[in-house]
Engineer: 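Here it is, the structure in full.
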Amino acid sequence: MSTTPTLSVYNSLTRNKEEFKPLVEGQVSMYVCGPTVYSDVHIGNVRTFISFDVIYRTLLYLGYKVRYVRNITDVGHLLDDGEDRISKGARKLQLEPMEVVQKYTNGFHDVMRTFGTLPPSIEPRATGHIIEQIEMVQAIMDNGYGYESNGSVYFDTEKYIADQPELYGQLSGRKVDELLTETRSELKGSSDKKNPSDFAIWMKAGEDHIMRWNSPWSEGFPGWHLECSVMSTKYLGDTFDIHGGGNDLKFPHHENEIAQNMGACGCQPSRYWLHTNMLLMNGRKMSKSEDNSISPAELLSGDSKHITQPYHPMVIKFFMLQSHYSSTLDISDEALLAADKGYRRLCEGLKTLEGLGLSAKNQTPGARDAELLKLLDDIDTELCDDFNTPKAVAKIFEILPLINGYKGGTIAADQLSADALQQTSVKLQRIFSDVLGLQSTLDDQSGGGKALDHVMELVLDMRQSARQSKDWDTSDKIRDGLAAAGITVKDAKEGSTWTIN
RNA sequence: GGUCGGGUGGCCGAGUGGUUAGGCAGAGGUCUGCAAAACCUUGUACGGCGGUUCAAAUCCGCUCCCGACCUCCA
């Protein structure tokens with residue numbers, strides 16, 4: 001086996017692909033902006049969290065000890081009209097705000113479990129960290145970067161820009177003088193600010209605002225960006241390794257997060273910033289108002305005019321992994337269908353390999369061992385190149401003809417050694433399930449359990465007898481009947497196999 | 001308007017100064033009682049116009065088109 005290649009990641013902060021070196025050798029601290037739990041989770045959210053799940057899994061695979069923190073935003077995230085998202089949900093559903101939060105947090109967890117992602121190491125909630133947020137507001141004020149105005153506290157971007165002209169706007173590529181003259185924040189009706197680019201770190205609650213806490217400045221609630229600054233540094237330290245999130249959070253959310261951390265402790269929170277790109281439908285960012293949106297539930301049930309059939313969560317996940325996390329991905333029925341077929345072939349190939357790995361007898365080196373093992377090594381190389389799952393997946397597909405060819409006899413038995421096949425089997429299984437987080441859809445297809453297995457064994461046995469006596473009418477009748485019942489029979493030299501469609 | 005990113009073959013999607021990405025679909029073949037699967041072979045490609053270079057889809061300039069962000073969003 002070759003040595004593990006060096007991991008490199010694209011750092012949004014420097015706009016360069018850099019060698020990844022964690023702060024503490026062998027350990028990685030990673031923070032990812034989680035969902036705001038005010039409604040059912042968006043499929044675009046799912047893509048982002050699947051991307052970071054694979055990043056998390058790859059880091060574990062590479063032997064790092066990882067602390068992965070992903071928050072739940074349950075307060076402070078305001079709508080255009082200034083109403084808190086959670087409060088609005090509560091009003092609409094006539095529930096306690098925390099009931100809304102619980103309902104959609106549960107839903108979020110269910111969906112993520114369906115897609116086979118690992119839970120983060122810590123999943124903190126904004127409402128559980130009000131005290132820490134108040135403390136950070138105080139620290140920012142003590143350092144001269146925050147000012148109180150009518151019970152609310154704002155971050156003083158003008159002072160921050162004066163002190164750190166290179167920093168503010170670095171992540172999002174914004175020009176500071178434009179930020180200062182930006183006038184659109186008037187939308188928020190906040191005339192309490194000194195500059196339009198200033199943002200709230202503590203907001204005084206209005207009369208009818210449900211979610212409110214006591215603070216030195218007013219009864220109110222924390223600003224949206226603050227929770228991430230607080231929770232990331234609380235659990236990962238003032239400076240940690242990776243901060244991730246959707247590309248659309250770069251500005252203002254992440255930019256302001258950096259400003260807050262700098263304002264509070266004078267240091268950058270994260271060393272590497274990783275951003276995932278948007279999921280598109282019909283070439284545009286999904287949006288309910290433009291009718292180009294599909295929910296996780298609709299994808300799984302097939303109940304949407306955008307798709308012709310339900311899709312297995314693993315197929316959807318596989319579809320996503322065939323593009324790079326930093327690229328936009330256009331979702332469509334045609335593309336999902338292609339992924340579905342490809343995924344099925346992949347699963348069958350891996351199943352075949354598993355059998356070969358156990359049954360191969362050739363103890364001498366094979367002429368094509370090197371070719372196979374090279375492809376195997378290439379997978380690691382691709383994963384280490386900024387978590388390039390599409391290329392890693394392509395390598396697996398390049399291995400398939402070797403496996404199937406060996407099984408089918410077009411590749412002679414002495415061409416591949418038992419050892420190489422065994423090694424490939426073990427490694428691919430690991431890549432497939434541990435790193436990519438995929439599960440074969442073939443297994444749960446025989447979900448009827450043992451009874452169905454026995455029935456099928458009997459039926460196929462009877463058909464085999466018919467075939468041996470060249471009773472094609474009977475053998476075809478059995479096959480057609482099974483096909484009508486949704487079971488595909490495939491004949492091979494060693495016998496017939498079956499799968500449920 | 002500002003900032004950033006992108007335009008790749010029928011579809012999705014990698015990649016990048018010279019050598020097949022990959023998947024799906026299509027075509028031909030092998031195998032098979034037939035079918036399915038598998039295997040082999042295979043076509044169509046890098047928005048447009050210039051420039052740099054021995055060589056550009058890949059670098060530079062211009063241009064057209066698209067998207068994201070700038071306001072809540074993963």
Engineer: Taking atom P in both B/rG26 and B/rG10, compute the distance separating them and give it to the nearest angstrom.
Structural biologist: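 Those two atoms are separated by 15 Å.
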Engineer: Students often get this wrong, so: under 4.0 angstrom with heavy atoms, is A/Asp476 touching a base, only sugar-phosphate, or nothing?
Structural biologist: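 The answer is base, as A/Asp476 lies within the cut-off (heavy atoms under 4.0 Å) of a base atom.
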Engineer: Output the rounded distance in Å from CD1 (A/Ile487) to P (B/rA37).
Structural biologist: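 Going from A/Ile487 (CD1) to B/rA37 (P), I get 17 Å.
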Engineer: Side chain of A/His324, heavy atoms from C-beta onward: which of B/rA25, B/rC12, B/rA14 has the nearest atom to it?
Structural biologist: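 Within the option list, the nearest is B/rA14.
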Engineer: Need to verify one output field. Residue with the more 5' nearest nucleotide on RNA chain B, A/Asp473 or A/Gly34?
Structural biologist: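 Of the two residues, A/Asp473 wins.
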Engineer: Using atom C1' in both nucleotides, what's the gap between B/rC69 and B/rC39 to the nearest angstrom?
Structural biologist: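 Looking at atom C1' only, B/rC69 and B/rC39 are 49 Å apart.
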Engineer: Report the distance from atom CG of A/Leu279 to atom P of B/rG5, rounded to the nearest whole Å.
Structural biologist: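 In whole Å, B/rG5 P and A/Leu279 CG are 21 Å from each other.
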Engineer: Considering just the side-chain nitrogens and oxygens of A/Thr497, establish if one lies under 4.0 Å of OP1 or OP2 belonging to B/rA37.
Structural biologist: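 Checking B/rA37 against A/Thr497, no side-chain N or O comes under 4.0 Å of OP1 or OP2.
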Engineer: Do any of residues 104-124 of chain A sit with a heavy atom less than 4.0 Å from RNA chain B, and if so which?
Structural biologist: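 Contacting residues: none.
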Engineer: So what's B/rA56 paired with, Watson-Crick or G-U wobble, going by both distances under 3.5 Å?
Structural biologist: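 Because no pair has both required distances under 3.5 Å, B/rA56 counts as unpaired.
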Engineer: Determine the interatomic distance between P on B/rC4 and the same-named atom on B/rU8; round to the nearest Å.
Structural biologist: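 About 22 Å, rounded to a whole number of Å.
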Engineer: If you check every side-chain atom of A/Phe397, which of B/rG23, B/rG33, B/rA14 has the closest atom?
Structural biologist: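 Given the options B/rG23, B/rG33, B/rA14, the side chain of A/Phe397 is closest to B/rG23.
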Engineer: Work out how far the C1' atom of B/rG50 is from that of B/rC70, and round it to whole angstrom.
Structural biologist: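 Looking at atom C1' only, B/rG50 and B/rC70 are 34 Å apart.
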Engineer: Which base, if any, makes a Watson-Crick or G-U wobble pair with B/rG10, both distances under 3.5 Å?
Structural biologist: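 When the pairing criteria are applied, B/rC24 turns out to be the nucleotide that pairs with B/rG10.
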Engineer: Does the side chain of A/Gln260 pick up a donor-acceptor pair with the side chain of A/Ser229 at under 3.5 Å?
Structural biologist: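 Yes, because at least one side-chain N or O of A/Gln260 sits under 3.5 Å from a partner of the opposite role on A/Ser229.
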Engineer: Just compare B/rA74, B/rA14, B/rG33 and give me whichever is closest to any side-chain atom of A/Ser475.
Structural biologist: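 Given the options B/rA74, B/rA14, B/rG33, the side chain of A/Ser475 is closest to B/rG33.
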Engineer: What is the pairing partner of B/rG17, taking Watson-Crick or G-U wobble pairs with both distances under 3.5 Å in any strand?
Structural biologist: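 Across all strands, not a single nucleotide pairs with B/rG17.
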Engineer: For B/rG67, what is the paired nucleotide under Watson-Crick or G-U wobble rules, both distances under 3.5 Å?
Structural biologist: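 For B/rG67, the partner nucleotide comes out as B/rC4, under the 3.5 Å rule.
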Engineer: Taking the six-membered ring for Trp, does A/Trp472 stack with B/rG33 (centroid gap under 5.5 Å, planes within less than 30°)?
Structural biologist: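 Yes, A/Trp472 stacks on the base of B/rG33, since the ring centres sit under 5.5 Å apart and the planes are within 30°.
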Engineer: What integer distance in Å separates A/Phe251:CZ from B/rU71:P?
Structural biologist: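 Nearest whole value for this atom pair: 6 Å.
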Engineer: Using atom P in both nucleotides, what's the gap between B/rG17 and B/rC59 to the nearest angstrom?
Structural biologist: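 Taking atom P in both B/rG17 and B/rC59, they lie 8 Å apart.
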Engineer: Is the closest side-chain heavy-atom distance between A/Asp74 and A/Met211 below 4.5 Å?
Structural biologist: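 Contact flag for A/Asp74/A/Met211 side chains = no.
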Engineer: Testing A/His243, A/His324, A/His254 one by one against A/His275 for a ring-ring contact (aromatic ring centres under 6.0 Å, His included), which residue passes?
Structural biologist: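 By the ring-ring contact (aromatic ring centres under 6.0 Å, His included) criterion, A/His275 pairs with just one of A/His243, A/His324, A/His254: A/His254.
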Engineer: Just how far, in rounded Å, is P of B/rC12 from CD of A/Gln322?
Structural biologist: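 These atoms are roughly 13 Å apart.
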Engineer: Sticking with atom C1', work out how far B/rG22 lies from B/rG5, rounded to a whole angstrom.
Structural biologist: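 Between the two C1' atoms, the distance is 24 Å.
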Engineer: Can you tell which of B/rA14, B/rC24, B/rA21 lies closest to the side chain of A/Arg345?
Structural biologist: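 So the side chain of A/Arg345 is nearest to B/rC24.
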Engineer: How far, in whole Å, is B/rA35 from B/rG28 if one measures between their P atoms?
Structural biologist: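 Those two atoms are separated by 14 Å.
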Engineer: What's the closest nucleotide to the side chain of A/Thr410 if the choices are B/rC39, B/rG23, B/rG13?
Structural biologist: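 The listed nucleotide nearest to A/Thr410's side chain is B/rC39.
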Engineer: For a quick check of understanding: with a heavy-atom distance under 4.0 Å over all strands, which category does A/Phe319 fall into, base, sugar-phosphate or nothing?
Structural biologist: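 If one applies the 4.0 Å heavy-atom cut-off, A/Phe319 turns out to touch the sugar-phosphate alone, with no base involved.
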Engineer: Looking for any heavy atom pair under 4.0 Å, which part of the strands does A/Glu398 touch: base, sugar-phosphate only, or nothing?
Structural biologist: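 Answer is sugar-phosphate: A/Glu398 comes under 4.0 Å of backbone atoms only.
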Engineer: Using a strict cut-off of less than 4.0 Å between a Lys/Arg side-chain nitrogen and an Asp/Glu carboxylate oxygen, indicate whether A/Asp386 and A/Lys391 qualify as a salt bridge.
Structural biologist: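 Looking at A/Lys391 together with A/Asp386, the answer is no, because their closest N to O distance does not fall below 4.0 Å.
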Engineer: Identify, with sequence neighbours excluded, every residue that meets ring pair (Phe, Tyr, Trp, His ring centres under 6.0 Å) alongside A/His225.
Structural biologist: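 Expected list: A/Phe199, A/His253.
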Engineer: Under 4.0 Å between a side-chain N/O of A/Asn45 and OP1 or OP2 of B/rA74, yes or no?
Structural biologist: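 So the side chain of A/Asn45 is within the cut-off, an N or O lying under 4.0 Å from OP1 or OP2 of B/rA74.
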Engineer: Mind checking who B/rA38 pairs with, Watson-Crick or G-U wobble, both distances under 3.5 Å?
Structural biologist: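 When the pairing criteria are applied, B/rU30 turns out to be the nucleotide that pairs with B/rA38.
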Engineer: Surrounding CD of A/Glu166 (heavy atoms of other residues, nucleotides or ligands, distance under 6.0 Å), is the total greater than 12?
Structural biologist: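 Check fails, neighbour count at 12 or below.
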Engineer: RNA chain B: A/Lys391 or A/Gly408, which has the more 5' nearest nucleotide?
Structural biologist: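 Residue closer to the 5' terminus by nearest nucleotide: A/Lys391.
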Engineer: Of the options B/rA25, B/rC34, B/rG22, whose atoms approach the side-chain atoms of A/Asp491 most closely?
Structural biologist: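 Ranking B/rA25, B/rC34, B/rG22 by closest atom to the A/Asp491 side chain puts B/rC34 first.
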Engineer: Would the A/Phe49 and A/Phe115 ring centres measure less than 6.0 Å apart?
Structural biologist: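 Not under 6.0 Å, so no.
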Engineer: Give A/Val489 one of three labels, base, sugar-phosphate or nothing, depending on what nucleic acid heavy atoms sit under 4.0 Å from its own.
Structural biologist: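 Base contact.
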Engineer: Does A/Asn247 have a side-chain nitrogen or oxygen under 4.0 Å from the phosphate oxygens OP1 or OP2 of B/rA68?
Structural biologist: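 No, because none of the side-chain N or O atoms of A/Asn247 sits under 4.0 Å from OP1 or OP2 of B/rA68.
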Engineer: Just checking A/Lys490: base, sugar-phosphate only, or nothing, at a heavy-atom cut-off of under 4.0 Å?
Structural biologist: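 Base: the residue A/Lys490, judged by heavy atoms under 4.0 Å, touches a nucleobase.
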Engineer: Of the options B/rG13, B/rC70, B/rG15, whose atoms approach the side-chain atoms of A/Pro252 most closely?
Structural biologist: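 Of the options given, the side chain of A/Pro252 lies nearest B/rC70.
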Engineer: Please work out which of the three classes, parallel, tilted or perpendicular, describes the rings of A/Tyr343 and A/Phe318, given edges at 30° and 60°.
Structural biologist: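 Judged by the thresholds at 30° and 60°, the geometry between A/Phe318 and A/Tyr343 is tilted.
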Engineer: Rounding to a whole Å, what distance do you find between A/Arg479:CZ and B/rA37:P?
Structural biologist: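 Nearest whole value for this atom pair: 12 Å.
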Engineer: What nucleotide among B/rA14, B/rC24, B/rA74 has an atom nearest to a side-chain atom of A/Thr276?
Structural biologist: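 My answer, after comparing the listed nucleotides, is B/rA74.
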Engineer: What's A/Ala335 touching, base or sugar-phosphate or nothing? Going by heavy atoms closer than 4.0 Å.
Structural biologist: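 Sugar-phosphate contact only.
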Engineer: Are the side chains of A/Leu337 and A/Tyr311 in touch, meaning some heavy atoms are under 4.5 Å apart?
Structural biologist: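 Yes, side chains in contact.
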Engineer: Let's see if you can work this out: which of B/rG33, B/rG13, B/rA21 has an atom nearest to the side-chain heavy atoms of A/Arg467?
Structural biologist: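 Comparing B/rG33, B/rG13, B/rA21 against the side chain of A/Arg467, the answer is B/rG33.
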Engineer: How would you label the contact of A/His253 with the nucleic acid (heavy atoms, under 4.0 Å): base, sugar-phosphate, or nothing?
Structural biologist: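 Here A/His253 touches no strand at all.
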Engineer: Is A/Ser332 touching bases, backbone alone, or none of the nucleic acid, heavy atoms closer than 4.0 Å?
Structural biologist: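 The residue A/Ser332 makes no contact with any strand.
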Engineer: Regarding A/Asp491 and A/Arg463, does a basic nitrogen lie under 4.0 Å from an acidic carboxylate oxygen?
Structural biologist: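 Salt bridge flag = yes for A/Arg463 with A/Asp491.
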Engineer: Between B/rC12 and B/rG47, how many Å separate the two P atoms, rounded to a whole number?
Structural biologist: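 Here B/rC12 and B/rG47 have their P atoms 15 Å from each other.
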Engineer: Compare side-chain N and O positions of A/Asn388 against OP1 and OP2 of B/rG15 and report whether any pair is under 4.0 Å apart.
Structural biologist: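 Indeed, a polar side-chain atom of A/Asn388 lies that close.
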Engineer: How many Å lie between CG on A/Leu321 and P on B/rG22, as a whole number?
Structural biologist: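 Those two atoms, CG and P, are 19 Å apart.
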Engineer: Looking for any heavy atom pair under 4.0 Å, which part of the strands does A/Gly44 touch: base, sugar-phosphate only, or nothing?
Structural biologist: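 Base contact.
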Engineer: Less than 3.5 Å between a donor and an acceptor, one on the side chain of A/Asp340 and one on the base of B/rC24, is that the case here?
Structural biologist: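 Check fails, no donor-acceptor contact within cut-off.
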Engineer: Could you go through the salt bridge (charged side-chain N to carboxylate O under 4.0 Å, His left out) check for A/Asp378 and A/Lys374 one step at a time?
Structural biologist: CA-CA 6 Å; A/Asp378 285 348; A/Lys374 167 75 165 60; 2.9 Å; yes
Engineer: Are more than 12 heavy atoms, taken from residues, nucleotides or ligands other than A/Lys250, located less than 6.0 Å from that residue's NZ atom?
Structural biologist: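 Buried by this count: over 12 neighbours within 6.0 Å.
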Engineer: Starting from P on B/rC70, measure out to NZ on A/Lys250 and report it in whole angstrom.
Structural biologist: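 Computing the A/Lys250:NZ to B/rC70:P distance gives 12 Å.
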Engineer: Starting at NZ of A/Lys17 and ending at C1' of B/rG15, how long is that distance when rounded to a whole Å?
Structural biologist: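 Rounded to the whole Å, the gap is 10 Å.
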